[in-house]
Amino acid sequence: MFRNSGVQHRQFHTVRNESTTTSLRHLLTTLTALFHTHEAFLLFVSIVERLGELKVVSARFGFDDAAFRSSGRQAELHSLRDVDAEDPAERNAERDGIVYIKLAGDGKVGTLVNGAGLAMNTVDALGANAANFLDTGGKATSETVKKGFEVVLRMRG
């Protein structure tokens, strides 16, 4: 299953009884349904087994905010968003309809691009030199571009 994938092997235990097998089947079915129903892009789960029952002790989901922004889908879920845990510059740009993500590393080239696909390709082409991902939304106006320049220029501090 993990052959040639570079994944470090951890200790995997074989499911040994019917109760644990049933519990695993139920858990995977439930988590898969949650993942798809709520348009998640990430699921990380820590599970323990107690007396034949599997229990989730922690879970981390990542949810696609584009579904919410484009058509209001998953509004209840996105109302739980913890904006205090987010980068203030990214939040401020979002208010202006801009997708801005500061990239880790020592990149020195700021990007301002109209359209997510072109923005991704630009960041890929710049490699480690890219300081950010900034997409003005695909339908940029002169005001959106102006706001984008303001975001990029504030990075220089």
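In what follows, residues are counted from 1 in the order of the sequence shown.
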Can you tell me how far apart [atom1] ([X]) and [atom2] ([Y]) are? Round to the nearest 0.5 Å.
| X | Y | atom1 | atom2 | answer |
| --- | --- | --- | --- | --- |
| Glu90 | Arg95 | CD | CZ | 12.5 Å |
| Met120 | Asp124 | CE | CG | 8.5 Å |
| Arg73 | His38 | CZ | NE2 | 13.0 Å |
| Leu51 | Ser23 | CG | OG | 11.0 Å |
| Phe149 | Thr136 | CZ | OG1 | 10.0 Å |
| Glu39 | Leu34 | CD | CG | 13.0 Å |

Worksheet item: Regarding Thr141 and Thr144, is there a side-chain donor-to-acceptor distance under 3.5 Å anywhere?
Response: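 A donor-acceptor contact under 3.5 Å links the two side chains.
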Hphob cluster co-occupancy, [X] + [Y], side-chain heavy atoms under 4.5 angstrom:
| X | Y | value |
| --- | --- | --- |
| Phe35 | Val56 | yes |
| Leu118 | Leu112 | no |
| Met155 | Val109 | no |

Side-chain donor or acceptor of [X] paired with backbone N/O of [Y] under 3.5 Å:
| X | Y | result |
| --- | --- | --- |
| Asp135 | Gly137 | yes |
| Arg60 | Leu43 | no |
| Thr32 | Thr29 | no |
| Gln74 | Thr37 | yes |
| Asn132 | Ile101 | no |
| Arg91 | Val83 | yes |

Item to complete: Take Tyr100 and Lys147 through the test side chain to side chain contact (heavy atoms under 4.5 Å, CB included) and record every step on the way to the result.
Response: CA-CA 11 Å; Tyr100 167 73; Lys147 295 286 188 182; over 6 Å; no
Worksheet entry | With Phe61 via ring pair (Phe, Tyr, Trp, His ring centres under 6.0 Å) - residues at least two apart |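 Phe61: ring pair (Phe, Tyr, Trp, His ring centres under 6.0 Å) contacts with Phe63.
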Item to complete: List for me each residue that meets ring pair (Phe, Tyr, Trp, His ring centres under 6.0 Å) alongside His78, sequence neighbours excluded, and say none if there are none.
Response: Phe68
Just wondering, do [Y] and [X] contact through their side chains at under 4.5 Å, heavy atoms?
| X | Y | answer |
| --- | --- | --- |
| Val151 | Arg154 | yes |
| Lys55 | Ile47 | no |
| Val113 | Leu134 | no |

Fill in: Chi angles and distances behind the side chain to side chain contact (heavy atoms under 4.5 Å, CB included) call for Leu54, Thr20
CA-CA 7 Å; Leu54 296 175; Thr20 306; 4.2 Å; yes
For [X], is the [atom1] atom crowded, meaning more than 12 foreign heavy atoms sit under 6.0 Å from it?
| X | atom1 | value |
| --- | --- | --- |
| Arg50 | CZ | no |
| Leu42 | CG | yes |
| Asp106 | CG | no |

Item to complete: Give the minimum heavy-atom separation between Ser79 and Glu76, together with the two atoms involved.
Response: OG-O, 2.5 Å
Worksheet entry | Nearest heavy atoms of Gly107 and Ala131, plus distance in Å |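 Taking Gly107 first and Ala131 second, the nearest heavy atoms are O-CB, 3.4 Å.
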Worksheet item: Which of these passes side-chain contact (heavy atoms from CB on, under 4.5 Å) with Thr111: Val152, Thr122, Leu103?
Response: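 Output: one option passes, namely Thr122.
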Worksheet item: When you check the gap from the basic side-chain N to the acidic O, do Lys102 and Glu86 get nearer than 4.0 Å?
Response: no
Fill in: Listed partners of Ser46 passing side-chain hydrogen bond (donor to acceptor under 3.5 Å, both in side chains), at least two apart
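Partners of Ser46 under the side-chain hydrogen bond (donor to acceptor under 3.5 Å, both in side chains) test: Ser58.
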